[in-house]
Amino acid sequence: MKFDTPSSPSLRWDIFCRVIDNHGDLGVCWRLCADLAQRGHAVRLWVDDASALAWMAPKGCAGITVHAWPDDAAMQSLAQDSTFNIGDVVVEAFGCELPEAFQALMAQGRLPIWVNLEYLSAEGYVARSHGLASPVMSGPARGMTKWFFYPGFTPDTGGLLREPNLLEAPTATTTPSGGTPSTVTTSQTRQSKFDRAAWLAGLPLDKPIAANERLISLFCYEPAALPDLLKQLSQAATPARLLVAQGRPRAAVAAATQALHMSSRGAGLLHISQLPYLSQTDFDHLLWACDFNFVRGEDSLVRALWAGKPFAWHIYPQDDLAHHDKLQAFEAALDMPADLRKFHAVWNGLETGPLPALSRTAIDHWHAWGHQTQQRLLAQTDLTSLLLSFVAQKR
Ligand code: TRH
């Protein structure tokens, strides 16, 4: 299914997010909220656990207000508040069920466009299901329609989140008070303005980075191949710096170094440095600054694609092993080189070791693929633009 992208009026959005685990649910929702706000929309984010925003988005964002997931008491007072209006668009992220009392409010007055934002996948069902309607058959919103919006890697899907000024010179439409809209084009993108050396120098690291160190970021769950990676890097002939993200990666590295009887700061030419929690903006900077990125889940994968650098994806593991097909669909959709697929197979436990060498030659070889993939995806319309067009069609 293909949607046009007409310019859209400023809308009011209610976006609902439940944090199931880790950081991706909130990470994706916040990126969407920030992208919409940057385009002039007013966004209310309803989330059951907003605590991670303290580091993900410490400065907040103009145009977004964050609200606790409304319980019965909160819903009662909203229902009695004559100034409260449901947004033009209501997004339930990743199938989180909207509170019934909120659905009841939605069913009164002008009906909002109700969108279920799904998880990202390259599997075939995504294009088949993207944009489908789901009539609501029961409950207070009976008679309304919910629309399924699937992010994806091809033009027949909902695309990938990419805010306007990330890689493309943005075209902003401004309306001076009392005047007619005019179009202003700025030529600098966030990535082109990035000062790598200055940013790295500002990181609170245990040891300054040397010019000859290969920089590798690590954001993963608990890959069985992690000790193999550390051993390999410590025995390599060239120096490497592993920049380890907070949380599960830090704990996984601690367990791996202990099992290897290696210092927590590394061995040989490998130096391991711990990172603090970074804001999403600085997390992007980390990916742009490194020669190779280990990412996981959903949002960091997309940001690694936009970084245009080679990366390895630790896919979110599922009990029924559904992630095996999901990983292979991703590799096929993006024409991943065979040796990088092999690396992914071992990193994700689809095959047992040894982990292929993360050598300078391998990284250089995968670099071309990372750049081509970035350019290829950049040619496609981004998720927020597609969502705005979709909403405009349904209103
Ligand atoms: O944390 P993740 O593994 O998240 C998810 C969730 O587990 C979700 O339930 C699951 O379905 C999904 O994966 C597939 O990985 P992800 O998606 O990359 O989210 C991490 C977010 O945290 C991302 O927005 C980047 C952000 N982040 C920072 O902003 N600063 C940091 O320092 C770190 C480590 C992450």
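Just so you know, ligand 1 is whichever comes first in the structure, and atom 1 is the first atom listed for that ligand. In this text, all values refer to a predicted model and were calculated from it rather than measured experimentally.
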ask   = Evaluating non-hydrogen atoms only, which member of R31, M56, R18 is closest to atom 26 (C) of ligand 1?
value = M56
message = Give me the nearest non-hydrogen protein atom to atom 30 (N) of ligand 1 as residue plus atom name, then the distance to 0.1 Å.
response = L278 O, 2.6 Å
inquiry  = If you measure every N or O of Y316 against every N or O of ligand 1, does any of those distances drop under 3.5 Å?
reply    = no
request  = Output the list of atoms in ligand 1 that are nearer than 4.0 Å to some heavy atom of Y119, sorted by atom number.
outcome  = 11 (O)
key: Among R250, H23, H323, closest by any non-hydrogen atom to atom 21 (C) of ligand 1   = H23
ask   = In the protein, which heavy atom is nearest to atom 33 (C) of ligand 1, and how far is it?
value = F283 CD1, 3.7 Å
task = From the options S279, G24, A57, S217, select the one whose nearest heavy atom is closest to atom 19 (O) of ligand 1.
result = G24
ask   = Does the ring center of F149 lie less than 6.0 Å from the ring center of H130?
value = yes
request  = Inspect the contact between R39 and D35 and indicate whether a charged nitrogen and a carboxylate oxygen are less than 4.0 angstrom apart.
outcome  = yes
message = Starting from atom 9 (O) of ligand 1, what is the nearest protein heavy atom, named by residue and atom, and what distance separates them?
response = D21 OD1, 2.7 Å
query = Polar-atom distance check: A245 versus ligand 1, any N or O pair below 3.5 Å?
reply = no
Flag, side chain of Q38 to backbone of P164, donor-acceptor distance under 3.5 Å = no
ask   = With T352, which residues qualify under side-chain hydrogen bond (donor to acceptor under 3.5 Å, both in side chains), at least two apart?
value = none
message = How about CD on Q258, more than 12 heavy atoms from neighbouring residues, nucleotides or ligands closer than 6.0 Å, or not?
response = no
query = Nearest to atom 25 (C) of ligand 1 by heavy atom, V302, L53, D299: which?
reply = D299
inquiry  = Please report whether ligand 1 has a polar contact with Q246, defined as an N or O pair separated by less than 3.5 Å (distance criterion only).
reply    = no
task = With heavy atoms of Y221 as the reference, note each atom of ligand 1 found under 4.0 Å away.
result = 2 (P), 3 (O), 13 (O)
ask   = Nearest 0.5 Å, what's the CD-CZ distance between E163 and R190?
value = 5.5 Å
remark   = Ranked by distance from atom 13 (O) of ligand 1, the top protein heavy atom is G297 CA, 3.4 Å
message = Looking at D156 and A127, would you say the former's side chain and the latter's main chain have a donor-acceptor pair under 3.5 Å?
response = no
inquiry  = Below 4.0 Å, non-hydrogen atoms only: which portion of A52 touches ligand 1? Side chain, backbone, both or neither.
reply    = neither
message = Taking 4.0 Å as the limit for heavy-atom contacts, which would you say applies to F94 with ligand 1: side chain only, backbone only, both, or neither?
response = neither
query = Just going by heavy-atom distances, which of W55, W30, Y277, F219 is nearest to atom 28 (C) of ligand 1?
reply = W55
message = Both conditions, 6.0 Å and 45 degrees, for the charged tip of R18 above the ring of W69: are they met here?
response = yes
inquiry  = Applying salt bridge (charged side-chain N to carboxylate O under 4.0 Å, His left out), can you list everything that pairs with D319, at least two apart in sequence or on another chain?
reply    = none
message = Could you tell me, atom by atom, which parts of ligand 1 come under 4.0 Å of a heavy atom of R296?
response = 1 (O), 2 (P), 3 (O), 15 (O), 16 (P), 18 (O)
query = Any ion pair linking E298 and K326 (charged N to carboxylate O, less than 4.0 Å)?
reply = no
ask   = Would F16 and F102 count as a close aromatic pair, with their ring centres under 6.0 Å?
value = yes
message = With a heavy-atom distance limit of 4.0 Å, tell me whether S300 approaches ligand 1 through its side chain, its backbone, both, or neither.
response = both
